[in-house]
> 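I am attaching a structure below and will ask some questions about it afterwards.
Values below: every heavy atom of this structure, side chains too, minus hydrogens, waters and symmetry copies.
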Amino acid sequence: MRLNTKISLFFAAIAVALVIVVAGISLYAFNSFSINLTTSHVRTASEIIRVHLTDAMINNSIEQQESFLRRVTEVQGLLSVRVVRSPQVVAQFGPSSIGDTPLDDVEKKVVQNGQPEYQVIDLNDDLLFRSTIPYIADSRGTPNCLQCHSVREGAVLGAVSMTVSIKDLRRQALFTVGGIVLTVALFTSSLFVFLYRILRPVSSTAKDVEDVVRRAINGDFRGAIVRQTNDEIGQIASEMSRLMHFLNDGLGYISGQVALLTGRKPNQDENLLSATIDMVNGLTRASHFKQAIEEDEAKVEIYQRLSTTLQDEFKLHDFSIYEVSQNKNEMSSVIVDGTLSAACHWCNPQILERPETCRVRRTGHLVDGFVQPDICYAFNPPVDGANQDYGYMCFPVIQSGTVGSIVQLVVKHEEQERVRTALPYINVYLREAAPVLEARRLTETLKESSLRDPMTGLNNRRYLEEYVETLLANVRRQQIHLAIMMLDLDYFKMVNDDHGHDAGDAVLKALSQVLKQSVRSSDMVIRYGGEEFLIVLQDTTGPDADQVAENIRRAVEKLRVNVGGTMLQKTISIGLSDYPADSSTFWQAVKFADVALYRAKQTGRNRVVRFTPEMWTDDQEY
């Protein structure tokens, strides 16, 4: 209900209630006044009649009573007068000379108890007031009642009944009350009009405020309130208009700036406040995401956190995250549908070996399969009879100016509109992740370069030092043995001296290839220093290790390296030990392999020597 209506109904109710109360009070007051006035008149008349009867009895002229009573009834409004005697008076003097009619019930009651009775009788065409007043014998004055009547003082001598018409009096009262009610009604109406004119700007301003606030809740802050007065209400209207203008400009500016950050285009029909809140909340969550990934140690942790965000924040469950290798020649699937290191599921696996077949990798641009379903030929979802229900979008994650990672979203057609609405926020997350991923890749590249020999491509001694704890933990967990081989080219210094260091480098590179090809991928080949190499064979003992070492010796012996038209042929000496059979300490087992290598050098080179305890004569722990 409107404030205007409430105010009108309130004052109307007050006016009606006031009229009713005034009318009620006036009617009650005039009724009481009329009754009291008539009662007073009839009591005066009854006293006059009593005095006249007393004088008539003393002067022995009681026979004139009827004439007197007839003359009394000629008084305006007095309809009838009747004097009745009590039984005691009748016993003393007999019935009245004008003839008594029997006493009615009221008269009997008054004669009996000596109390006056007053009645208002409402006839169809008249309103009567009847009074029956007793005459009580007393000894006051001269003459008095006891001088003539043989009764005790206080006895009831009789009563006088009078009937008076008060119709005119009631009519006058009603006219008076009507005038009062009319006056009050006119006054309240005037007051109502006056207050309405005063309060109308208040209610009108309140309605305008309500409309403006409702529009603001719905995101429209362009509302304004017309100032109608120069008082506080007008000031409120002006300040409210200024506030809405300020909010509209401020939110519009904030929304525009946030839209620039997210790339989200504002919609004219959207709720400006809700949209701004959503954008700010989205940026806040993206900021928390960036803070979290900046503290992650490895790339895989960042990819896992991105996967969790896609699932929890955006309710996406079908997606792939690919990483492009440093040399750009291959790709790997990092996470597929939330599973780490899963096989390629939504695209042709050929893209992993031939990255140029991936359109995003090749162009570095967003590929929108929602708009152009056939734009990328590599999209190849599994055959499940519902392929037509899927669309896809692929995002490039730019790192150092090139595509470093690719995020592919696979969405059913009925969810494409929801996902398209969320695209600006997804882009924010990818944009925040890109520099962190780039930094982690650079860190890993630098770390890997520090752990790898740049010439041979083999891991170096530092790599072994960092990895040894993990290696030994695996040995203890699986209760396996490690075969440790220390290898050294025979007379390698002569190659450098006779043919130059380039020739020496070529020999070392060729040797590295032979070593890698001679062992399993799970085994470790380490360039330990100069022409010295270390091989760790996992879960290999006794004769098996000896056979691998012998195979390596033969392969090196057959190796021919062409250096400037000259074919170089070298041999290699190998020392072999076993961990933990030969020593409970890994590095001491390495030392024992080195001791065995030294024995191989002493006994003629180009041979494999296994460590035996008698080779170690030094009591000092390694």
> Work out which heavy atom in Gln228 is nearest to a heavy atom in Ser204; give both atom names and the distance.
NE2-OG, 2.7 Å

> Of all residues at least two apart in sequence or in a different chain, which pass the ring-ring contact (aromatic ring centres under 6.0 Å, His included) check with Phe492?
none

> Rounded to the nearest 0.5 Å, how far apart are CG of Leu409 and CG of Leu423?
7.5 Å

> Does Met244 offer a backbone N or O that forms a donor-acceptor pair with the side chain of Asn248 under 3.5 Å?
no

> Just by distance, with hydrogens left out, do Gln291 and His288 show a side-chain donor and acceptor under 3.5 Å apart?
no

> For Glu415 and Val411, indicate whether the former's side chain and the latter's backbone hold a donor-acceptor pair under 3.5 Å.
no

> With sequence neighbours left out, write down each residue that passes salt bridge (charged side-chain N to carboxylate O under 4.0 Å, His left out) with Glu356, or none if nothing qualifies.
Arg354

> First locate atom CD of Glu465, then atom CG of Asn460, and finally report the distance between them rounded to the nearest 0.5 Å.
8.5 Å

> Could you state the interatomic distance from CG (Asp523) to CG (Leu537), rounded to the nearest 0.5 Å?
4.5 Å

> Measure up the Tyr429 and Phe289 rings against each other and bin them: parallel (under 30°), tilted (30 to 60°), perpendicular (over 60°).
perpendicular

> What's the spacing between Ile526 CD1 and Ile535 CD1 if we round to 0.5 Å?
9.5 Å

> In terms of heavy-atom contacts, does CD of Glu353 have more than 12 from other residues, nucleotides or ligands at under 6.0 Å?
no

> For the residue pair Gln372 / Asp368, report whether a side-chain donor-acceptor contact shorter than 3.5 Å exists.
no

> Does Tyr579 offer a backbone N or O that forms a donor-acceptor pair with the side chain of Ser583 under 3.5 Å?
no

> Within this structure, what is the CG-CE distance for the pair Leu352 and Met331, rounded to the nearest 0.5 Å?
6.5 Å

> For the NE2 atom of His345 and the CG atom of Asn380, what is their distance to the nearest 0.5 Å?
10.5 Å

> For residues 309-319, dump all side-chain donor-acceptor pairs below 3.5 Å to protein atoms at least two apart in sequence or in another chain.
residue: Thr309; atom: OG1; partner: Arg305; partner atom: O; Å: 2.9
residue: Gln311; atom: NE2; partner: Ser307; partner atom: O; Å: 3.3
residue: Gln311; atom: NE2; partner: Ser307; partner atom: OG; Å: 3.1
residue: Glu313; atom: OE2; partner: Arg285; partner atom: NE; Å: 2.5
residue: Glu313; atom: OE2; partner: Arg285; partner atom: NH2; Å: 3.2
residue: Lys315; atom: NZ; partner: Asp312; partner atom: O; Å: 3.2

> Could you pull out every donor-acceptor pair under 3.5 Å between side chains of residues 500-518 and any protein atom, sequence neighbours left out?
residue: Ser512; atom: OG; partner: Leu508; partner atom: O; Å: 2.8
residue: Ser518; atom: OG; partner: Val514; partner atom: O; Å: 2.6

> Can you check whether Ala589's main-chain N or O pairs, donor with acceptor, with Ser577's side chain at less than 3.5 Å?
yes

> If you apply the rule side-chain contact (heavy atoms from CB on, under 4.5 Å), what do you find for Val360 with Gln408, and how did you get there?
CA-CA 10 Å; Val360 178; Gln408 178 192 49; over 6 Å; no

> Without swapping roles, check the side chain of Ser333 against the backbone of Ala343 for a donor-acceptor pair under 3.5 Å.
no

> Going by heavy atoms in the side chains, are Asp453 and Asn459 under 4.5 Å from each other?
no

> What orientation do Phe379 and Trp346 show, parallel under 30°, tilted 30 to 60°, or perpendicular over 60°?
parallel

> Using every non-hydrogen atom in the two residues, find where Tyr463 and Leu451 come nearest and quote the distance to one decimal.
CB-O, 3.4 Å

> Test: salt bridge (charged side-chain N to carboxylate O under 4.0 Å, His left out). Region: residues 529-539. Which pairs qualify, not counting sequence neighbours?
none

> Does this structure show an ion pair linking Glu239 with Arg242, if we count only N-O contacts that are shorter than 4.0 Å?
yes

> Kindly list each side-chain donor-acceptor pair under 3.5 angstrom involving residues 434-443, sequence neighbours excluded, with atom names and distances?
residue: Glu438; atom: OE1; partner: Ser400; partner atom: N; Å: 3.3
residue: Glu438; atom: OE2; partner: Ser400; partner atom: N; Å: 3.2
residue: Glu438; atom: OE2; partner: Ser400; partner atom: OG; Å: 2.4
residue: Arg440; atom: NE; partner: Asp296; partner atom: O; Å: 2.9
residue: Arg440; atom: NH2; partner: Glu294; partner atom: O; Å: 2.6
residue: Arg440; atom: NH2; partner: Asp296; partner atom: O; Å: 2.9
residue: Arg441; atom: NH1; partner: Val324; partner atom: O; Å: 3.2
residue: Arg441; atom: NH1; partner: Gln399; partner atom: OE1; Å: 3.4
residue: Arg441; atom: NH1; partner: Gly404; partner atom: O; Å: 3.0
residue: Arg441; atom: NH2; partner: Val324; partner atom: O; Å: 2.5
residue: Thr443; atom: OG1; partner: Ala439; partner atom: O; Å: 2.8

> Any sub-3.5 Å donor-acceptor pair from Ser405's side-chain atoms to Glu323's backbone N or O?
no

